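The structure under discussion appears below in the form of structure tokens.
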Amino acid sequence: MANLWDSRFERGMDAIVEEFNASINFDKRLYNCDIDGSVAHVTMLSEAGIVTGDEKNAIVTGLEGIRRDIANGSLTFTVRQEDIHMAVEETLISRIGAVGKKLHTARSRNDQAQVDVRLYFMRETGAILDALAELQKVILEKASENTENLLAGFTHMQHAQPVTVGFHLMAYFQMFRRDVERLTDTRRRANQNPLGAGALGGTTFNINRHRTSELLGFDVPTENAMDAVSDRDYIIEFLSDASISMMHISRFAEEFVYWNSSEFRYISIDDSFCTGSSMMPQKKNPDIAELLRGKVGRVYGDLMGLLTVMKGTPLSFNKDFQEDKEPMFDAMDTWKASLTILAAMINKTEFRLDEINKHLASGFLSATDMADSLVRQGIPFRESHEIVGKMVKLCERNSCDFTDLKREELVSIDKRFDSLSLPDLSMRGCVNARTSFGGTAPSEVKRQIETGKNWLSSVVKAM
Ligand code: ARG
């Protein structure tokens, strides 16, 4: 067989055009979904009396044979077959004969391609949700091990206030929680069956779209056939979800890179996530963390690419839409792998508390606590902020800490220091005092971890 539409054409395609037009090289990964869609379609056709039970059985047996042969590598395709949908159908007809020609009754490649993509979408995004949940489990475990361990908290990359390692990690838990919620919401909207939309206007056959929805596990059939073959919103939503989550991964990865630097030494990334240098023998580079930081770029590109493809396209189907698959596959592969690798890297990372402690001594991390204590002793916050600012200036000049300042030095800053007392300015004291809801005190971080665990087990159950 040459092309399905040869009867209407005078000439075939040039080889270079055939190559340009074909999507088989990337859409062949839809083969399982394509066959599942066809099995559901022909099952429904036989129930509706459009094909006989024997015809359906021959077609299903033929399709299952094709599935096996693609899986074991004995059946491969060429660009002449254009896409996975025509490749499977052509192979079916060549294997089971004329009865195979009935499979495409009441169906177009436009709804067929879409049912394949939606099935693939629901499966792959399910796997991505699993990877997100696994990452969150690892974060919860690491946070639980580190609820008491101190860390300098930054704003503007400057020492700000002391926090705990567990608290810092739980901030990422919240980001990935929102990622799970966004993707779950996207999946809820995407879970509709386009099969039976036909080319654009439905079909003259008495098909049962609710039945194919049930057979394929979709919530409902899509409401409008023209929309069904033209809509790629769900992929764009997915690419937005992926972009945001990859941005979170990128930020986390950057923390690994600087924590691992010789200047910080907060962690030493496990050898299994590093590479050496071809020239400098001493090097152990955090390549995997850097790749996790950089991969976000391609996913943003995937999103921008598809947004641009869809812009200004008229209803209904246009071949432009074939360009939906590569960005979607790329983002799925990248996101899933990045989640899994990040989880493994966190799992293998130990925080070097001795090194972290050295950093806690500098940068006046207790300045806010000092100011708060003056407020408790009756001084308005704006005044206490100014007083502590002067204390910092003096300490910097004398290369000392608040607790090293002599009473007369304090009194020279503000007379009221005659009767004021200095609070517990230890890092531990500062952290323990931050018990406000969402704060960094160990008791509060334990509560956040508990809430996180309960939430995670409820979503894992629902997945
Ligand atoms: N390979 C096409 C795609 O990926 C299938 C749909 C083609 N339909 C058409 N009328 N040319 O979207």
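None of the values given here were measured: they were computed from a predicted structure. Order of listing sets the numbers, starting from 1, for every ligand and every atom in it.
Closest to atom 6 (C) of ligand 1, if we only count protein heavy atoms, is Phe317 CZ, 3.7 Å. Annotation: atom 8 (N) of ligand 1 to nearest protein heavy atom, Asn110 OD1, 2.9 Å. Given atom 2 (C) of ligand 1, the protein heavy atom at minimum distance is Gln322 OE1, 3.3 Å.
Phe264 and Tyr266 have perpendicular rings, their planes meeting at more than 60° on a 0 to 90° scale where under 30° would count as parallel. Taking the six-membered ring where tryptophan is involved, the planes of His159 and Phe154 are essentially parallel, since the angle between them stays under 30° and well short of 60°. The aromatic rings of Trp259 and Phe252 stand perpendicular to each other, their planes meeting at an angle above 60°, with 30° marking the opposite boundary.
Looking at Gln112 and His41, their side chains never bring a donor and an acceptor atom within 3.5 Å of each other. In the model, Tyr234 has no side-chain atom that pairs as donor or acceptor with a side-chain atom of Gln192 under 3.5 Å.
Here the closest non-hydrogen pair linking Leu169 and Ala143 is CD1-N, 3.9 Å.
Proximity to Asp83 (heavy-atom distance under 4.0 Å) selects the following atoms of ligand 1: 1 (N), 2 (C), 5 (C). Numbered from 1 in the order shown, with element, the atoms of ligand 1 that lie under 4.0 Å from a heavy atom of Ser23 read 1 (N).
Contact check for Glu444 versus Thr435: no side-chain heavy atoms found under the 4.5 Å cut-off.
Within the 4.0 Å heavy-atom criterion, neither part of Gln112 lies near ligand 1.
Nearest-residue assignment for atom 3 (C) of ligand 1 (options Arg232, Arg109, Lys325; heavy-atom criterion): Lys325.
Where the criterion is an N or O separation shorter than 3.5 Å, residue side chain and backbone included, Lys319 fails it with respect to ligand 1.
Ligand 1 lies out of reach of Gln114, whose nearest heavy atom is not under 4.0 Å from it.
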